[in-house]
Amino acid sequence: METGQKMGDGVRRKGIQRNEMYMTFDAVSENEAFARIAVAAFVSPLNPTMEEISDIKTAVSEAVTNAIIHGYDEEFTQGSGAEGAAQVYMRCLIEEDVLHVEVKDTGKGIEDIEKAMEPLFTTKPEMDRSGMGFAFMEAFMDDLEVISKPGVGTMVLMKKKLGTSSWLVQEE
(Lines give C-alpha, C1' and ligand atoms only; values in the text may rest on other atoms or scores of the structure.)
Protein backbone atom coordinates (compact mmCIF):
# COMPACT_ATOMS: atom_id res chain seq x y z
CA MET A 1 0.00 0.00 0.00
CA GLU A 2 1.64 3.21 -1.11
CA THR A 3 0.58 6.71 -0.15
CA GLY A 4 -0.97 8.54 -3.05
CA GLN A 5 -1.60 5.53 -5.25
CA LYS A 6 -5.24 6.50 -5.78
CA MET A 7 -4.99 10.30 -5.91
CA GLY A 8 -5.19 11.85 -9.32
CA ASP A 9 -3.32 10.58 -12.32
CA GLY A 10 -0.13 12.55 -11.76
CA VAL A 11 -0.63 14.38 -15.06
CA ARG A 12 -0.99 18.15 -14.87
CA ARG A 13 -3.58 19.18 -17.41
CA LYS A 14 -3.42 22.68 -18.85
CA GLY A 15 -5.89 25.09 -17.23
CA ILE A 16 -6.82 22.82 -14.34
CA GLN A 17 -6.43 24.26 -10.87
CA ARG A 18 -4.36 21.86 -8.80
CA ASN A 19 -2.81 22.17 -5.36
CA GLU A 20 -1.39 19.57 -3.01
CA MET A 21 -0.49 19.36 0.69
CA TYR A 22 1.31 16.64 2.64
CA MET A 23 1.40 16.36 6.42
CA THR A 24 2.86 13.90 8.87
CA PHE A 25 2.05 14.19 12.55
CA ASP A 26 2.25 12.18 15.75
CA ALA A 27 -0.69 9.86 16.36
CA VAL A 28 -1.93 11.68 19.46
CA SER A 29 -5.48 12.90 20.00
CA GLU A 30 -4.45 16.57 20.18
CA ASN A 31 -3.43 16.43 16.52
CA GLU A 32 -6.92 15.49 15.36
CA ALA A 33 -8.01 19.15 15.75
CA PHE A 34 -4.84 20.27 13.96
CA ALA A 35 -5.63 18.02 10.97
CA ARG A 36 -9.22 19.33 10.74
CA ILE A 37 -8.13 22.95 10.78
CA ALA A 38 -5.30 22.37 8.29
CA VAL A 39 -7.67 20.82 5.73
CA ALA A 40 -10.23 23.60 6.25
CA ALA A 41 -7.52 26.20 5.62
CA PHE A 42 -6.25 24.28 2.59
CA VAL A 43 -9.67 24.36 0.84
CA SER A 44 -10.42 27.99 1.76
CA PRO A 45 -9.22 29.41 -1.61
CA LEU A 46 -12.14 27.55 -3.21
CA ASN A 47 -14.60 29.54 -1.06
CA PRO A 48 -16.44 26.51 0.33
CA THR A 49 -19.71 26.98 2.16
CA MET A 50 -19.81 26.62 5.94
CA GLU A 51 -21.67 23.33 5.41
CA GLU A 52 -18.92 22.02 3.11
CA ILE A 53 -16.21 23.02 5.59
CA SER A 54 -18.12 21.37 8.43
CA ASP A 55 -18.57 18.16 6.38
CA ILE A 56 -14.87 18.04 5.50
CA LYS A 57 -13.73 18.73 9.06
CA THR A 58 -16.04 16.01 10.43
CA ALA A 59 -14.86 13.40 7.92
CA VAL A 60 -11.17 14.24 8.50
CA SER A 61 -11.74 14.14 12.26
CA GLU A 62 -13.23 10.65 12.00
CA ALA A 63 -10.45 9.33 9.73
CA VAL A 64 -7.65 10.72 11.91
CA THR A 65 -9.34 9.54 15.10
CA ASN A 66 -9.67 6.03 13.63
CA ALA A 67 -5.96 5.99 12.77
CA ILE A 68 -5.01 7.06 16.28
CA ILE A 69 -7.48 4.96 18.31
CA HIS A 70 -7.70 1.82 16.19
CA GLY A 71 -4.56 1.80 14.04
CA TYR A 72 -2.21 2.42 16.91
CA ASP A 73 -4.05 0.90 19.84
CA GLU A 74 -2.17 -0.23 22.96
CA GLU A 75 -2.16 -3.86 21.86
CA PHE A 76 -0.44 -2.97 18.57
CA THR A 77 2.13 -0.52 19.95
CA GLN A 78 3.15 -2.86 22.78
CA GLY A 79 3.39 -5.87 20.50
CA SER A 80 5.38 -4.10 17.78
CA GLY A 81 7.78 -2.16 19.95
CA ALA A 82 6.73 0.93 17.98
CA GLU A 83 5.63 2.96 20.99
CA GLY A 84 6.25 6.65 20.42
CA ALA A 85 6.85 6.17 16.67
CA ALA A 86 3.19 6.16 15.61
CA GLN A 87 2.53 8.66 12.82
CA VAL A 88 -0.49 9.70 10.79
CA TYR A 89 0.10 10.69 7.18
CA MET A 90 -2.33 13.03 5.46
CA ARG A 91 -2.33 14.14 1.87
CA CYS A 92 -4.79 16.59 0.36
CA LEU A 93 -5.19 17.36 -3.30
CA ILE A 94 -7.40 19.90 -5.01
CA GLU A 95 -8.18 19.30 -8.66
CA GLU A 96 -10.48 21.99 -10.01
CA ASP A 97 -13.35 21.90 -7.48
CA VAL A 98 -12.77 18.41 -6.04
CA LEU A 99 -10.95 17.86 -2.77
CA HIS A 100 -9.20 14.51 -2.33
CA VAL A 101 -8.13 13.57 1.20
CA GLU A 102 -5.96 10.60 2.09
CA VAL A 103 -5.38 9.64 5.72
CA LYS A 104 -2.94 6.79 6.31
CA ASP A 105 -1.47 4.96 9.27
CA THR A 106 1.06 2.15 9.44
CA GLY A 107 -0.69 0.51 12.36
CA LYS A 108 -2.37 -2.82 12.84
CA GLY A 109 -4.74 -2.64 9.86
CA ILE A 110 -8.29 -3.89 9.49
CA GLU A 111 -9.02 -7.59 9.08
CA ASP A 112 -12.58 -7.23 7.74
CA ILE A 113 -13.14 -3.82 6.10
CA GLU A 114 -16.75 -4.57 5.17
CA LYS A 115 -17.62 -5.39 8.80
CA ALA A 116 -15.65 -2.39 10.11
CA MET A 117 -17.69 -0.10 7.85
CA GLU A 118 -21.02 -1.31 9.22
CA PRO A 119 -22.75 1.40 11.27
CA LEU A 120 -22.44 0.82 15.04
CA PHE A 121 -19.61 -1.73 14.68
CA THR A 122 -16.75 -0.96 17.04
CA THR A 123 -13.76 -2.83 18.38
CA LYS A 124 -13.55 -0.41 21.33
CA PRO A 125 -16.93 -0.46 23.14
CA GLU A 126 -15.11 -0.02 26.48
CA MET A 127 -13.97 3.41 25.24
CA ASP A 128 -17.54 4.49 24.44
CA ARG A 129 -16.81 4.36 20.70
CA SER A 130 -20.05 4.60 18.73
CA GLY A 131 -18.92 2.73 15.61
CA MET A 132 -20.13 5.52 13.34
CA GLY A 133 -16.80 6.81 12.00
CA PHE A 134 -16.98 5.30 8.52
CA ALA A 135 -20.72 6.03 8.31
CA PHE A 136 -20.03 9.71 9.02
CA MET A 137 -17.22 9.78 6.44
CA GLU A 138 -19.58 8.28 3.84
CA ALA A 139 -22.36 10.72 4.75
CA PHE A 140 -20.24 13.87 4.67
CA MET A 141 -18.01 13.12 1.66
CA ASP A 142 -18.96 12.21 -1.90
CA ASP A 143 -16.72 9.17 -2.14
CA LEU A 144 -15.00 6.92 0.40
CA GLU A 145 -12.58 4.06 -0.11
CA VAL A 146 -10.77 2.11 2.60
CA ILE A 147 -7.65 0.08 1.84
CA SER A 148 -6.14 -1.95 4.65
CA LYS A 149 -3.91 -4.88 5.34
CA PRO A 150 -3.45 -6.41 8.80
CA GLY A 151 -0.01 -5.62 10.17
CA VAL A 152 0.64 -3.01 7.47
CA GLY A 153 -1.88 -0.24 8.09
CA THR A 154 -4.92 1.51 6.70
CA MET A 155 -5.51 4.18 4.10
CA VAL A 156 -8.76 6.13 3.92
CA LEU A 157 -9.41 7.93 0.62
CA MET A 158 -12.19 10.52 0.49
CA LYS A 159 -13.45 12.96 -2.15
CA LYS A 160 -15.66 16.01 -1.83
CA LYS A 161 -16.89 18.12 -4.73
CA LEU A 162 -17.12 21.73 -3.70
CA GLY A 163 -19.58 24.21 -5.14
CA THR A 164 -22.98 23.94 -6.68
CA SER A 165 -22.34 22.02 -9.91
CA SER A 166 -23.15 18.34 -9.65
CA TRP A 167 -20.95 15.29 -10.24
CA LEU A 168 -23.04 14.56 -13.34
CA VAL A 169 -22.10 17.85 -14.97
CA GLN A 170 -18.41 17.21 -14.22
CA GLU A 171 -18.47 13.70 -15.67
CA GLU A 172 -20.22 14.65 -18.94
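For the pair Glu52 (side chain) and Gly163 (backbone), a donor-acceptor distance under 3.5 Å is present. In this structure, Lys149 contributes its side chain and Gly109 its backbone to no donor-acceptor pair below 3.5 Å. No donor-acceptor pair under 3.5 Å is formed between the side chain of Ser54 and the backbone N or O of Met50.
Note that CD1 of Ile94 is 14.0 Å distant from NZ of Lys160, once rounded to the nearest 0.5 Å. A distance of 12.0 Å separates CD of Glu30 from CZ of Phe25, quoted to the nearest 0.5 Å. Remark: Thr24 OG1 to Met90 CE distance equals 9.5 Å, nearest 0.5 Å. Taking CD1 of Ile147 as the reference point, atom CE of Met155 lies at 5.0 Å (rounded to 0.5 Å).
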Chi angles and distances behind the side-chain contact (heavy atoms from CB on, under 4.5 Å) call for Leu162, Ile56:
CA-CA 10 Å; Leu162 303 171; Ile56 292 164; 3.8 Å; yes

Going through the distances and angles, do Val39 and Lys57 end up as a side-chain contact (heavy atoms from CB on, under 4.5 Å)?
CA-CA 7 Å; Val39 175; Lys57 286 170 66 176; over 6 Å; no

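For the pair Gln87/Asp26, a side-chain contact is recorded, criterion being any heavy-atom separation below 4.5 Å from C-beta on. Side chains of Thr154 and His70 form no contact here, defined as non-hydrogen atoms less than 4.5 Å apart.
Here Asn31 pairs with nothing under the side-chain hydrogen bond (donor to acceptor under 3.5 Å, both in side chains) rule; sequence neighbours left out. Remark: Leu144 pairs with Met117, Phe134, Met137, Glu138, Val146, Val156, Met158 by the side-chain contact (heavy atoms from CB on, under 4.5 Å) rule, at least two apart or across chains. With sequence neighbours excluded, the residues satisfying side-chain contact (heavy atoms from CB on, under 4.5 Å) with Ala67 are Val88, Asp105. Legend: residues meeting side-chain contact (heavy atoms from CB on, under 4.5 Å) with Ile37, ordered by chain and number and at least two apart, are absent. Residues meeting the side-chain contact (heavy atoms from CB on, under 4.5 Å) test with Glu114, sequence neighbours left out: Asp112.
Sorted by first and then second residue, the salt bridge (Lys or Arg N to Asp or Glu O under 4.0 Å) pairs with a member in residues 33-47 read Glu32-Arg36; sequence neighbours excluded.
Closest heavy-atom contact between Ala35 and Val64: CB-CG2, 3.9 Å. Closest heavy-atom contact between Gly153 and Ser148: O-OG, 3.0 Å. Heavy-atom minimum distance, Pro45 versus Ala41: CD-O, 3.7 Å.
A continuous path of ILVMFWY side-chain contacts below 4.5 Å connects Val43 to Phe34, so both sit in one hydrophobic cluster. Connection of Ile53 to Phe42 is not established within any shared hydrophobic cluster, with ILVMFWY side chains joined at heavy-atom distances below 4.5 Å, either directly or through further cluster members.
In summary, of the residues considered (His100, Glu145, Lys104), a side-chain contact (heavy atoms from CB on, under 4.5 Å) with Leu157 occurs for Glu145 alone. When each of Asp142, Asp97, Asp143, Asp55 is tested with Lys161 by the rule salt bridge (Lys or Arg N to Asp or Glu O under 4.0 Å), just one qualifies, namely Asp97.
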